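I have placed the structure first, in the form of structure tokens, so that the comments after it can refer back to it.
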Amino acid sequence: MAFKKDFLWGGATAANQIEGAYNVDGKGLSVTDITTAGAPNHPRYLTYKVNGKLEKKPSAPGAGLPKGAIGAIDSNEYYPSHVAIDFYHHYKEDIKMFADMGFKVFRLSIAWTRIFPKGNEDKPNQCGLNFYRKVFEECKKYGIEPLVTISHYEDPLYLSEKYNDWQNRGMIDMYVKYAKTLFEEYKGLVKYWLTFNEINSTILMLTGNNNVEKGDKAFQHAYQKLHYQFVASAKAVKLAHQIDSNYVVGNMILGMLDYSLTPDPKDVLATRQLMEQGVYYCGDVQVKGKYPTYAKRLWGEHNVHLDITQDDLKIFEEGKVDLYTFSYYMTTTVTTHKVNEIVGGNFSSGVKNPYLNYSEWGWATDPIGLQNFLEIIYDRYEIPIMIVENGLGAIDELSEDDKIHDDYRIDYLSQHIKAMKTAVNNGVNLIGYTTWGCIDCISAGTGQMAKRYGFIYVDRDDNGNGSLDRIPKDSFYWYKKVISSNGKNLCK
Ligand code: BG6
């Protein structure tokens with residue numbers, strides 16, 4: 001039993017975390033290009049000018065500029081996206097290594113600003129289109145299916161300034177034009193598309209991230225941004241199907257399961273309501289094509305009033321996704337009682353769970369949570385599912401003979417693949433699995449290189465030093481066996 005013959009094994013990345021070449025061949029600036037490096041206890045900052053004066057504020061992935069700010073690069077700061085791991089010039093070497101592992105699929109995102117440098121030009125930038133064409137052709141050479149995220153925490157800086165971080169309906173048309181350009185340009189080369197990476201992070205970060213503003217105003221901003229993104233996503237899905245009926249378009253949700261710390265009914269209620277707010281809200285709109293009943297309660301709690309039209313609600317119906325995809329790293333624990341130990345995580349914070357182990361970055365390891373999440377989600381939506389991110393961020397040390405013995409990563413991934421098998425045997429229609437950061441890349445949360453997820457080590461440090469050489473880790477050879485045995489052989 002377990003995985004189907006054509007199960008899509010592979011790995012995942014995002015443009016701003018791997019490509020570098022941030023101002024090459026006509027690319028414009030993205031918000032990530034004015035985002036500095038951080039550390040576990042030190043936020044990443046957005047740098048910008050207000051009335052000509054350089055300022056900065058703590059930020060989180062996907063968050064936009066403050067109103068009235070004009071993004072700026074400060075020559076005294078370090079911006080990890082500017083070089084990243086220079087995939088832009090190493091893509092052939094990297095895709096060959098993915099092929100050596102036997103990848104069936106490679107998830108990558110397109111930098112909007114390579115295609116439309118400001119986001120709103122009449123015509124796309126030909127050099128940008130050519131770059132991704134070459135990447136997709138390279139994948140095809142090895143029989144690797146590209147899985148393309150259209151927007152992965154990477155809005156054009158100009159649009160973020162002009163449209164105040166998706167607070168303007170005008171963003172929808174800009175996004176749809178960009179998506180249409182991709183669907184037409186890469187017809188026949190790409191089959192799988194995802195509209196917005198971790199779309200629900202906008203709302204999750206309001207309860208789980210210390211680097212963003214909180215309060216009713218922030219909820220108003222977040223729910224309005226999400227509404228416009230839902231419309232943009234649904235329009236893109238509809239358009240994709242019109243352009244090529246073979247296109248499979250998915251949403252992408254930050255998969256987070258909340259546990260109740262106690263059996264106190266208040267805790268149980270709070271836990272369910274948090275799942276609705278943080279996870280189900282976005283999935284329900286994108287898969288079921290309408291706002292859920294509990295949406296009114298969520299908006300009411302924060303005095304939110306949205307710009308919604310009848311046409312928006314109609315397009316939700318017409319642009320339902322074909323595929324539910326999600327990232328999965330951890331679970332969180334919720335209580336209404338007073339507790340001392342709060343732990344962080346991927347856009348989350350919660351009570352420490354005494355039954356789980358935590359990574360060096362405080363992220364809980366919970367493979368049973370993955371089984372649980374898969375079964376809950378499949379039961380809720382009954383459409384194909386794909387896990388498009390999962391992995392362990394860890395510090396890797398090079399041994400004296402230039403090897404990386406990353407048993408901890410193999411252990412983490414093995415446990416999660418076992419959980420996937422159980423869920424599949426229990427009836428979940430899981431079609432693929434792409435581990436996060438299959439090649440070491442910049443951390444979205446902290447901007448570090450030191451937080452590594454890859455099967456392939458990249459020689460680069462947190463200050464931008466290193467040869468950028470690629471070295472296969474022990475997990476590289478292990479994943480190759482996993483893929484060739486279609487998930488049966490998980491032995492080290
Ligand atoms: C997800 C993002 O939230 O988690 C990725 O989609 C990100 O972009 C990944 O890199 C891991 O998070 P981090 O902060 O460890 O890079």
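Predicted model, so just to flag it, every value in this text is computed and none were measured. Atoms within each ligand, like the ligands themselves, are counted from 1 in listed order.
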Close-contact set for ligand 1 against Asn197 heavy atoms, below 4.0 Å: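 Result: 6 (O).
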What protein heavy atom is closest to [atom], reported as residue, atom name and distance in Å?
atom	value
atom 2 (C) of ligand 1	Glu389 OE1, 3.3 Å
atom 16 (O) of ligand 1	Ala444 N, 2.7 Å
atom 9 (C) of ligand 1	Tyr329 OH, 3.3 Å
atom 14 (O) of ligand 1	Gly445 N, 2.8 Å
atom 10 (O) of ligand 1	Gln17 NE2, 2.9 Å
atom 3 (O) of ligand 1	Glu198 OE1, 2.6 Å
atom 13 (P) of ligand 1	Ser443 OG, 3.5 Å

Shortest non-hydrogen contact from [X] to [Y]?
X	Y	answer
Ala84	Leu468	O-CD2, 4.0 Å
Ser414	Trp478	OG-CZ2, 3.3 Å
Ser151	Tyr175	CB-CE1, 4.0 Å

Criterion salt bridge (charged side-chain N to carboxylate O under 4.0 Å, His left out) on Lys473 and Asp396, from CA distance to verdict: CA-CA 9 Å; Lys473 304 180 191 176; Asp396 292 330; 2.5 Å; yes
Location of contacts on Trp361 toward ligand 1, heavy atoms closer than 4.0 Å: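 Trp361 to ligand 1: no contact under 4.0 Å from either part.
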Residue-ligand contact Tyr453/ligand 1, heavy atom below 4.0 Å: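 It does, in that a heavy atom of Tyr453 comes within the 4.0 Å cut-off of ligand 1.
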Contact with ligand 1 for His152, non-hydrogen, under 4.0 angstrom: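 In this structure, His152 qualifies as a contact of ligand 1 - some heavy atom is under 4.0 Å.
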Check: Gly464 main-chain N/O paired with Asp461 side-chain donor or acceptor under 3.5 Å: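 Between the backbone of Gly464 and the side chain of Asp461 there is a qualifying donor-acceptor contact (under 3.5 Å).
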Cation-pi check, Lys96 onto Tyr142 ring (under 6.0 Å, within 45° of axis):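 Negative - Lys96 is either too far from the ring of Tyr142 or too far off its axis.
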Distance-only N or O hit between ligand 1 and Trp363, under 3.5 Å: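 Min N/O separation from ligand 1 is not below 3.5 Å for Trp363.
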Sequence-distant partners of Gln229, side chain to side chain donor-acceptor pair (under 3.5 Å), two or more places apart: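 For Gln229 there are no side chain to side chain donor-acceptor pair (under 3.5 Å) partners, ignoring immediate neighbours.
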